[in-house]
K.L.:
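Here it is: the structure, laid out below.
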There are 2 protein chains.
Amino acid sequence: MVLPRFAVIKDYLYQQIESGQWLPGAAVPSENQLAEQFSVSRMTARRALTELTQVGLLTRSQGAGTQVAEQLPTGALLEIRNIADEIAERGHQHRADVLALNEVLCPATIAQQLGLVPDTAVFFSRIRHLEVDRHGQATAIQLEERYVIKAIAPGYLEQDFSRQTPSAYLSAISPLSEADHWVEAVMPSAAVQDWLSLSAETPCLKLSRRTSSVRLGKVKKQQQIVNFAILYHPGDKYRLGGHLVTGV
Amino acid sequence: MVLPRFAVIKDYLYQQIESGQWLPGAAVPSENQLAEQFSVSRMTARRALTELTQVGLLTRSQGAGTQVAEQLPTGALLEIRNIADEIAERGHQHRADVLALNEVLCPATIAQQLGLVPDTAVFFSRIRHLEVDRHGQATAIQLEERYVIKAIAPGYLEQDFSRQTPSAYLSAISPLSEADHWVEAVMPSAAVQDWLSLSAETPCLKLSRRTSSVRLGKVKKQQQIVNFAILYHPGDKYRLGGHLVTGV
DNA sequence: AAGTGGTCTAGACCACTTG
DNA sequence: AAGTGGTCTAGACCACTTG
């Protein structure tokens, strides 16, 4: 197995750091030093340094040099999957019941998230997502409540969300987006219990998400809040899973 | 504001995709075509393509060309922060009470996570993390139960975990690591209620994490499971927050 | 056979930080 | 003033996919 030259240098740097030979904050050889040491061009040495910087192992600054990054295991990441994909991956069927799809006056708490004044008219959808197994047994695993800025998706109320999820529809409309989200453990309200067929003692995983559409300008980034969604999951039937480098 | 040439090309490609002019799966101009179109060298055009590929906007394959990536908003990410950092960021004090620090015979459920046979001896720690505000008011926000492979950290039982978190200690010992984790909503057991001073009706956010130490070999990656941790958080006093591109 | 992306070179000029 | 990283060029050779 022949590694490209830049990969050989990456390996070398990686080993020095992983083994603890180079501690966080330590100076790393410069592009020119590595180029000479490995008999490659500066561009090749540079590539090794750049790629390790991109994954967070090194920090670089013009004029000052390259260092081993501080505090590698700062934060781990949890992946939030699309509910329909997740179900499909388990080889099960996804079914969506549209419980509500209308225009509402935005409650104050939601208005705050959307950057609107309370009682502004917004589109609202409430959808129950069910997982149907091979025997036809259906289990409710997510209740989705979504508030959408009207101007963003004028045709929202005309969609058939039992066929395409609101998420898929909105993605198609504003392809690239940015999201803030957070997770809490809550006891379900009587209404949520009813919609998800839960007992009063089952806690829920509540995922809140605010999405913005992003447009990269020449100078600055323009953001436009698109929607706010609250996703409830039965605590005993759903997990948010993840996998990523770093974190103990 | 003068953008570097590769950034101008990135902007152009980004706009084509963001505006929907180029749909997922569509062919993107080749390196040579872009080089000519923007009057730059192939390496510069290549850089624009490479960087957009790294963030997942494009897919490339040797011989076949470059395409707009399918299913951009596939999964969002949630960041899991280190509890001590999080508290410090809010300008509060972190306090850790070591409730247990000893050697135990590994319960079957934990053994399965660690890849051990049940009843193997492992190190165990149970720590209560508290947030102390400006008025000296302390609130328990995390109960950490951790099972550590003995060979990985022989000195584990001698550490003072009220001063340095187990996470920080283990990071120092095996600098680079990889983790699987998942989040659930659960009702706390009587013991957990007691340790976190919770009422019986408060649900908990339960974060489970299995960490492996990783060594990149020339040919394959070697993994070594390091520890398994369960972190309980009061549902009404704690949120897992995140922010990242993609996802509606 | 022609075109694509992947690797690599030996130069260049620049902005920046450091002694 | 010397060294660093950031950008860029005009070439080269290669493995690979496609008509």
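Keep in mind that what you see is a predicted model, and the values were worked out from it rather than measured. Letters A, B, ... mirror the listed sequences (proteins, then strands); counts begin at 1.
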K.L.:
Starting at atom CG of B/Leu49, determine the distance to atom P of C/dG5, rounded to an integer number of angstrom.
P.N.:
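About 7 Å, once rounded to whole Å.
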
K.L.:
Of all the nucleotides listed (D/dG5, C/dC8, D/dT4), which has the minimum atom distance to the side chain of A/Phe6?
P.N.:
C/dC8

K.L.:
Compare all side-chain heavy atoms of B/Leu23 with those of B/Val68 and state whether any distance is below 4.5 angstrom.
P.N.:
no

K.L.:
Are more than 12 heavy atoms from other residues, nucleotides or ligands located less than 6.0 Å from atom CD of A/Gln37?
P.N.:
yes

K.L.:
Rounded off to whole Å, could you give me the CZ-to-C1' distance for the B/Arg60 and C/dG3 pair?
P.N.:
13 Å

K.L.:
Return the value, rounded to whole Å, for the distance between atom CG of B/Leu58 and atom C1' of C/dG5.
P.N.:
13 Å

K.L.:
B/Gln67 has an atom CD; how far is it from atom C1' of C/dG5, in whole Å?
P.N.:
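Spelled out: CD on B/Gln67 to C1' on C/dG5 is 13 Å.
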
K.L.:
As a quick check of understanding, evaluate side-chain contact (heavy atoms from CB on, under 4.5 Å) for A/Gln159 and A/Phe123, giving each step before the final call.
P.N.:
CA-CA 12 Å; A/Gln159 302 306 308; A/Phe123 293 141; over 6 Å; no

K.L.:
Can you tell me the distance, in whole Å, between the CD atom of B/Glu51 and the C1' atom of D/dC8?
P.N.:
14 Å

K.L.:
Measure CG/A/Asn32 against P/D/dT4 and give the value in whole Å, please.
P.N.:
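Rounding to the nearest Å, CG of A/Asn32 and P of D/dT4 are 6 Å apart.
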
K.L.:
Please tell me if A/Ser30 has a side-chain N or O lying less than 4.0 Å from either OP1 or OP2 of D/dG3.
P.N.:
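Indeed not, no polar side-chain atom of A/Ser30 lies that close.
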
K.L.:
Give the minimum heavy-atom separation between B/Arg90 and B/Ile141, together with the two atoms involved.
P.N.:
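Closest approach of B/Arg90 to B/Ile141: NH2-CD1, 4.0 Å.
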
K.L.:
The side chain of B/Arg47 lies closest to which of these nucleotides: D/dT4, D/dT7, C/dC8?
P.N.:
D/dT7

K.L.:
Using atom NZ of B/Lys10 as one end and atom C1' of D/dT7 as the other, report the distance to the nearest whole Å.
P.N.:
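Roughly 14 Å, once rounded to whole Å.
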
K.L.:
Applying salt bridge (Lys or Arg N to Asp or Glu O under 4.0 Å), name anything that partners B/Glu51, two or more places apart in sequence or on another chain.
P.N.:
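Salt bridge (Lys or Arg N to Asp or Glu O under 4.0 Å) check on B/Glu51 returns B/Lys10, B/Arg47.
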
K.L.:
Return the stems involving DNA chain D, sorted by first number, where pairs are Watson-Crick (N1-N3 with N6-O4 or O6-N4) or G-U wobble (N1-O2 and O6-N3), both under 3.5 Å, and runs are 3 or more long.
P.N.:
C:1-18 with D:1-18

K.L.:
Once you round it to whole Å, what is the distance between P of D/dT7 and CZ of B/Phe38?
P.N.:
17 Å

K.L.:
Indicate, with yes or no, if the rings of B/Phe38 and B/Phe6 have centres closer together than 6.0 Å.
P.N.:
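No: the rings miss the under 6.0 Å criterion.
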
K.L.:
Quick one: what's the B/S/- string for nucleotides 9-19 of chain C, heavy-atom cutoff under 4.0 Å, read 5' to 3'?
P.N.:
BB-B--BBS--

K.L.:
Just how far is it from atom CD1 of A/Ile9 to atom CG of A/Leu13, taken to the nearest 0.5 Å?
P.N.:
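Between atom CD1 of A/Ile9 and atom CG of A/Leu13 there are 7.5 Å.
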
K.L.:
Any idea how A/Tyr12 and A/Trp22 line up, ring-wise: parallel (<30°), tilted (30 to 60°), or perpendicular (>60°)?
P.N.:
perpendicular

K.L.:
Ignoring backbone atoms, test whether A/Gln33 places a side-chain nitrogen or oxygen under 4.0 Å from the OP1 or OP2 oxygen of D/dG3.
P.N.:
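Negative; the distance criterion is not met.
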
K.L.:
Using a 3.5 Å distance criterion without hydrogens, assess whether the side chain of B/Arg210 forms a donor-acceptor pair with backbone atoms of B/Gln113.
P.N.:
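Yes; judged by distance alone, with no hydrogens or angles, the pair exists.
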
